[in-house]
K.L.:
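Following this message is one structure expressed as structure tokens.
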Amino acid sequence: RLSQQAGLDWARFHALIASGEDDGPDGLEALRSALELVRGVPLTSPTGRGYDWAVVHRTEMETVIAEAAERLALRYLDLGDHRQANWAARRGLLASPYDERLYRVLMRAADAAGNPAGVDAIWKELLTVLDADLDLVDDELHPETIALYAALRPKGRPRPASPHAPRSSAPQN
């Protein structure tokens, strides 16, 4: 057992996200403070040795952090602050790097910033992170992610090539 004087970031995180339920500025600041505690994937050993016993706890922590990041990012988007929405989503991805909800927020933030190339870049980043095959994207990605990307992609613009597609070495004429 730890002493009552010992504090855990996870306990602080939970207290802050509970305070973040408030829709006002204090709630926004509490969620931001919670996400500032995130430094990477939870329960990752600095020595490279795994914490196999912690997989259930790590999964729960990743989920809670991603949900808090999504909540904060969406609140920032509602306030018209795409930069802070981007920050919140990226902070969540530090802990939960495969969470498509956070990539959807990033696409919305890029769209809110008037950056269609940013939407495409995030799409490509997601495909790379998930090691997704563009030909199987409908099977590999969540339908909400695909629908959002289709809605945000400029009309008449083709879906960008897979980040894994081989590049032609033939000279272009």
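Numbers here simply count residues along the sequence, with the first being 1.
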K.L.:
Are L31 and L79 joined in one hydrophobic group, where the rule is that I, L, V, M, F, W and Y side chains link up if heavy atoms are under 4.5 Å apart?
P.N.:
yes
K.L.:
According to side-chain hydrogen bond (donor to acceptor under 3.5 Å, both in side chains), does anything in residues 87-98 pair up with another residue at least two apart or in another chain? List the pairs.
P.N.:
R90-E125
K.L.:
If you take all heavy atoms of V129 and P97, which pair is closest and at what distance?
P.N.:
CG1-O, 3.4 Å
K.L.:
Could you tell me which residues satisfy ring pair (Phe, Tyr, Trp, His ring centres under 6.0 Å) with H57, sequence neighbours excluded, listed by chain and number?
P.N.:
none
K.L.:
Determine whether Y149 and D120 satisfy the following criterion, side-chain contact (heavy atoms from CB on, under 4.5 Å), listing intermediate values before the conclusion.
P.N.:
CA-CA 8 Å; Y149 179 67; D120 283 344; 2.5 Å; yes
K.L.:
Run the side-chain contact (heavy atoms from CB on, under 4.5 Å) check on L127 and L141 step by step: do they pass?
P.N.:
CA-CA 9 Å; L127 294 177; L141 295 180; 3.9 Å; yes
K.L.:
Who passes salt bridge (charged side-chain N to carboxylate O under 4.0 Å, His left out) against E144, sequence neighbours left out?
P.N.:
R104
K.L.:
For the side chain of T63 and the backbone of T59, is there at least one donor-acceptor N/O pair under 3.5 Å apart?
P.N.:
yes
K.L.:
Nearest 0.5 angstrom please: D99 CG to E67 CD, how far?
P.N.:
8.5 Å
K.L.:
Angle between ring planes, W10 versus F13, binned at 30° and 60°: parallel, tilted or perpendicular?
P.N.:
parallel
K.L.:
What closest approach, in Å, do L102 and L93 show between heavy atoms, and which atom pair accounts for it?
P.N.:
CD1-N, 3.6 Å
K.L.:
Less than 4.5 Å apart, side chain to side chain, heavy atoms only: is that true for E70 and L74?
P.N.:
yes
K.L.:
Give every donor-acceptor pair under 3.5 Å between a side-chain atom in residues 105-116 and any protein atom, sequence neighbours left out.
P.N.:
unit_1, atom_1, unit_2, atom_2, d
N115, OD1, A117, N, 3.4
N115, OD1, G118, N, 2.8

K.L.:
With side-chain contact (heavy atoms from CB on, under 4.5 Å) as the test, would you mind laying out the steps for L152 and W123 before giving the verdict?
P.N.:
CA-CA 11 Å; L152 297 180; W123 174 258; over 6 Å; no
K.L.:
Locate the shortest heavy-atom distance separating A88 from A69; write the atom from each residue and the value.
P.N.:
O-CB, 3.4 Å
K.L.:
So, do V119 and R153 sit near enough that their side-chain heavy atoms are less than 4.5 Å apart?
P.N.:
no
K.L.:
State plainly whether one hydrophobic cluster holds both L94 and L72, where clusters connect Ile, Leu, Val, Met, Phe, Trp and Tyr through side-chain heavy atoms under 4.5 angstrom apart.
P.N.:
yes
K.L.:
Could you give the side-chain donor-acceptor pairs of residues 15-26 under 3.5 Å, partners two or more places apart or in another chain?
P.N.:
unit_1, atom_1, unit_2, atom_2, d
S19, OG, A15, O, 3.2
E21, OE2, R71, NH1, 2.7
D22, OD1, G24, N, 3.1

K.L.:
So do the side chains of R12 and L37 get within less than 4.5 Å of each other, counting heavy atoms only?
P.N.:
yes
K.L.:
Rounded to the nearest 0.5 Å, what's the gap from NE2 on H14 to CG on D9? Could you check?
P.N.:
12.0 Å
K.L.:
Is it true that the side chains of Y76 and N86 contain a donor and an acceptor less than 3.5 Å apart?
P.N.:
no
K.L.:
Taking only residues two or more places apart in sequence, or in another chain, which ones meet R75 in a salt bridge (charged side-chain N to carboxylate O under 4.0 Å, His left out)?
P.N.:
none
